[in-house]
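Okay, so here's the structure we're looking at.
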There are 2 protein chains.
Amino acid sequence: MSTDLPLTSRSLPIALLRARERVMGPIRAILADVGITEQQWRVLRVLEEEGPQDPTRIAEQACLLLPSLTRILQKLEEKELITRQPDPQDRRKQIVSITASGTRIIRENLGASLAVFDAIRANMGPDRFETLLDLLNELHQDKTG
Amino acid sequence: MSTDLPLTSRSLPIALLRARERVMGPIRAILADVGITEQQWRVLRVLEEEGPQDPTRIAEQACLLLPSLTRILQKLEEKELITRQPDPQDRRKQIVSITASGTRIIRENLGASLAVFDAIRANMGPDRFETLLDLLNELHQDKTG
DNA sequence: GAATTTTGATTAACATGTGAACTTCTTGGC
DNA sequence: GCCAAGAAGTTCACATGTTAATCAAAATTC
């Protein structure tokens with residue numbers, strides 16, 4: 001409790017940034033070896049876990065804005081980690097699916113990725129970890145005013 | 001408690017992202033009217049609160065990487081919100097100071113900015129809010145392994 | 001005290017964040 | 001059925017994130 005906390009540590013935005021950096025640093029290192037970014041990883045995981053879906057839904061799940069997602073899907077398509085088909089029902093939409101190569105990347109790196117979280121959870125204490133998640137989700141759902 | 005939580009809500013990185021977006025959205029709207037970005041705002045606040053200092057220290061306080069900060073300082077200098085002088089002790093360094101215009105921007109918008117946090121804190125409950133900050137700082141200081 | 005290493009800052013290159021404009025397609029209103 | 005309004009993606013323009021390379025100026029080493 002008496003470590004050299006910067007004055008900014010009571011600033012919520014900065015605290016969120018620093019915490020995120022602590023979590024994602026190791027993950028980024030793992031993914032860099034595979035040649036994909038954190039965001040590309042998030043998109044692939046959503047597709048692997050929730051099946052083929054349109055970009056709008058992917059954006060919600062992976063917490064990305066559509067302009068970013070557009071570019072990310074282009075990259076993933078070049079790398080042949082996903083495929084896209086037009087939606088027969090609505091020609092504005094498209095259906096994005098993960099390929100076998102994409103699935104393989106997920107399967108080969110999910111363990112190392114989860115290990116990072118388990119280490120953090122264990123170090124923090126599972127109860128405190130769950131409390132943190134609860135508070136973050138509560139903040140997310142906050143309807144101020 | 002029975003709102004439509006996405007499955008990703010138990011993912012720490014996503015939860016951190018979503019919480020941050022909830023907090024920063026309103027702030028960005030305020031700052032956009034003044035013509036500065038969230039990061040430029042953080043830099044100005046550090047300079048206003050902690051006085052003139054070198055870029056490395058600013059980067060730590062504002063949670064920015066040096067390459068980003070280099071560009072941000074260039075923009076802020078063009079807008080005449082900061083000034084830079086060479087450090088007489090160490091010619092590799094420089095000393096960055098906020099200008100009167102910069103200070104004015106801070107003073108004229110700090111209230112609205114703090115109001116956002118107060119609203120969130122009040123809505124969450126001050127005790128839970130403090131707990132969240134504590135847990136985030138604990139996570140930041142985590143030395144896993 | 002010259003060579004090596006380290007540090008502070010910048011630049012480069014690529015990827016994403018963000019708001020606005022734009023295209024195409026679908027839907028509602030009439 | 002036409003037409004305006006809305007939705008899904010894309011593109012644009014600018015700002016930042018991120019890693020690696022670069023450069024000048026200390027600090028170390030020998």
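These numbers were taken from a predicted model, which means no experiment stands behind them. A, B, ... follow the sequence lines: proteins, then strands. Residue 1 opens every chain.
Between A/Arg92 and A/Asp54 no salt bridge is recorded (no basic side-chain N to carboxylate O distance below 4.0 Å). One finds no salt bridge joining A/Asp134 and B/Arg128 here, because no Lys/Arg side-chain nitrogen approaches an Asp/Glu carboxylate oxygen to under 4.0 Å.
Residue B/Arg57 is out of contact with every strand shown, counting any heavy-atom pair closer than 4.0 Å. Across all strands, B/Ile72 comes closer than 4.0 Å only to sugar-phosphate atoms, never to a base (heavy-atom distances). Here A/Leu64 lies in heavy-atom contact (under 4.0 Å) with sugar-phosphate atoms only. At a threshold of 4.0 angstrom between heavy atoms, the contacts of A/Arg71 include nucleobase atoms, whether or not backbone atoms are also involved. A/Ser68 comes within 4.0 angstrom of a nucleotide base, judged by non-hydrogen atoms across all strands.
By the neighbour-count criterion of 12 heavy atoms within 6.0 Å, atom CD of B/Glu49 is densely surrounded, having more than that number from other residues, nucleotides or ligands.
Distance B/Gln89 CD to D/dA26 P: 11 Å, rounded to the nearest Å.
Between C/dT16, C/dT10, D/dG9, one nucleotide has an atom nearer to the side chain of A/Thr56 than all others, and that is D/dG9.
OP1 and OP2 of C/dT11 both lie 4.0 Å or more from every side-chain N or O belonging to B/Thr70. The phosphate of D/dT10 has OP1 or OP2 within less than 4.0 Å of a side-chain N or O from A/Gln94.
Between the side chain of B/Arg121 and the backbone N or O of B/Pro126 there is no donor-acceptor pair closer than 3.5 Å.
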